[in-house]
Amino acid sequence: MSETTAASFGAATHLVCRACGAHATLGADYSCWECFGPLEVAYEFGTVTREQIQAGPLSLWRYAPLLPVPANVAETRTLSPGMTRLQPADNLAKALGITGKLWVKDDSGNPTHSFKDRVVAVAQTAGIQLGFKTLACASTGNLAQAVAAAAARAGQRSVVLVPSNLESHKIQATAAYNGYVIGIDGNYDDVNRLCSELIGEEVSADWGFVNVNLRPYYAEGSKTVGYEIAEQLGWRLPDQVVIPVASGSLLTKIDKGWREFTSLGLVEEHPYRVFGAQATGCNPVSTAFADGQDVIRPVKPNTIAKSLAIGNPADGPYALDAVRRTNGAIGDVTDAEVVEGIRLLAETEGIFAETAGGVTVAVTRKLLAQGLLDPTAETVIVNTGEGLKTLDAVSTGDGFTATIAPSVDSVSLVIASGK
Ligand SMILES: *Cc1c(COP(=O)(O)O)cnc(C)c1O
Ligand SMILES: [Zn+2]
């Protein structure tokens, strides 16, 4: 990269307001100057072929032509996340009574073990283009770690703001990268409001907040989950997908990615249904869905699924739109069901998910029982994070089946007693 190169956002041409359609230039703007609606990146794509993508790097940067990033982004110092496995889940399918094919898109395989590495990689790249020196965010935990790690890789300063009651190992894991980790006495929505207030202040003049002033770029990173699912299925779309919902951005963007792939001719047109998953302790989008409302009423989160605990979800209305347009649904489950979901996925598929993954598995089970998900269709569920991040949720006693003397007899006794 030469210093004289002008900012480049690839095929992205401008920002567009999702509420009123007003245009803005590509910059660190996130809300419309006319109506305060959320801004989204717009593109003019040229021809993009399967061969071109397949020849790219084994990371999300293989989709660089579809993202607001320069063409040489793979050579820059990012963590290059993505291309996580799409694992067939026949045992889980059996346990759930699914007779169609079931897959788990396992995004716990990213560098900091959640899907947040994707959104950070795109926001970080855009932020550097826009001249920000510090990488910052408001976080419920996973984003903090992704930001701190990405900044370390790029030699940037990081400042992350998190609710002070976050799981302590998430804080420790973030602190390892040696950026600023600031605990805020308040919930995520308080932290988010503080970050909005910091925009334009002197102390934070050179901070690019990945999920505030860089949010339009950040959100585009989530499209790559959808792209990968389609490519890994052999360039086609599944019948149904179940996605955890916090702000609603991931769900909205998987749908956007599939619509782009379809309109670019990278996959054949195929009707698919989008399903959302929330915890009952933070279910504003699920509630609006159940009540047939367009407006999302904010809630005060109270759930072990902290990575999904956004009480006032910015993209909630757009998530509702995607779900309704595709004839999907949104469900929510109790914390006890979340734990069951984590255990079920671990026992059947050897995938240990964080609480968000437990939410997704448990909601899948619930939507099947309600007849909303089709058990005969091909289904993908998205696991967004690694179980070690929320170990407390499944900890029971000391974890041992038994503690015994080092003798064959003792082992035999344990096995004979069963589990
Ligand atoms: C952030 C996050 C989500 C969902 O994010 P959205 O805000 O809805 O895009 C899901 N799972 C995990 C583990 C997360 O960290
Ligand atoms: Zn607008």
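We count ligands from 1, going down the list as the structure has it; atoms in each ligand are counted the same way.
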Proximity flag S222 to ligand 1, non-hydrogen atoms under 4.0 Å: no

Which atoms of ligand 1 have any heavy atom of A356 under 4.0 Å away? 11 (N), 13 (C)

The closest protein heavy-atom partner of atom 12 (C) of ligand 1 is T384 OG1, 3.3 Å

I want to check a possible cation-pi pair here: K256 against W258, using under 6.0 Å from ring centre and within 45° of the ring axis as the test. no

min-distance protein heavy atom vs atom 15 (O) of ligand 1 -> K116 NZ, 2.7 Å

Between D239, T326, D255, which is the residue that forms a side-chain hydrogen bond (donor to acceptor under 3.5 Å, both in side chains) with Y272? D255

Which heavy atom of the protein is the closest neighbour of atom 9 (O) of ligand 1, given with residue, atom name and distance? L250 N, 2.8 Å

Kindly confirm or rule out an N or O of A246 lying under 3.5 angstrom from an N or O of ligand 1. yes

Please state which part of N142 comes within less than 4.0 Å of ligand 1, counting heavy atoms only: side chain, backbone, both or neither. side chain

What part of S249, side chain from CB on, backbone N/CA/C/O, both or neither, has a heavy atom under 4.0 Å from ligand 1? both

Passing option when Y63 is tested against K223, E220, E231 for side chain to side chain contact (heavy atoms under 4.5 Å, CB included): E231

Run the numbers for me: atoms of ligand 1, each under 4.0 Å from some heavy atom of F115, listed by number. 1 (C), 2 (C), 3 (C), 4 (C), 5 (O), 9 (O), 10 (C), 14 (C)

So, N91 versus T348: side-chain donor-acceptor pair below 3.5 Å or not? no

Please confirm whether the backbone N or O of D190 pairs with a side-chain atom of N187, one donor and one acceptor, at under 3.5 Å? yes

Within the 3.5 Å criterion, strictly below it, is a donor on T76 or R153 matched to an acceptor on the partner's side chain? no

F132 and F209 aromatic centres sub-6.0 Å: no

Under 3.5 Å, N or O to N or O, is S114 touching ligand 1 that way? no

Shortest heavy-atom approach to atom 7 (O) of ligand 1 - which of S247, P244, G221, A353: S247

Part of L308 within contact of ligand 1 (heavy atoms, under 4.0 Å): side chain

Under a 3.5 Å threshold, yes or no: a donor from one side chain and an acceptor from the other, between D106 and N383? yes

I'd like to check which ligand 1 atoms, numbered from 1 as shown, lie under 4.0 Å from a non-hydrogen atom of G248. 6 (P), 7 (O), 8 (O)

Taking atom types as modelled, is there a side-chain donor on N192 or D189 under 3.5 Å from an acceptor on the other? no

To the nearest 10°, how many degrees is the angle C35 SG to the Zn ion (ligand 2) to C32 SG? 120°

Taking only non-hydrogen atoms of E354 and a 4.0 Å limit, the atoms of ligand 1 in range are 13 (C)

Inspect the surroundings of CZ in F45 and state if more than 12 heavy atoms from other residues, nucleotides or ligands are less than 6.0 Å away. yes

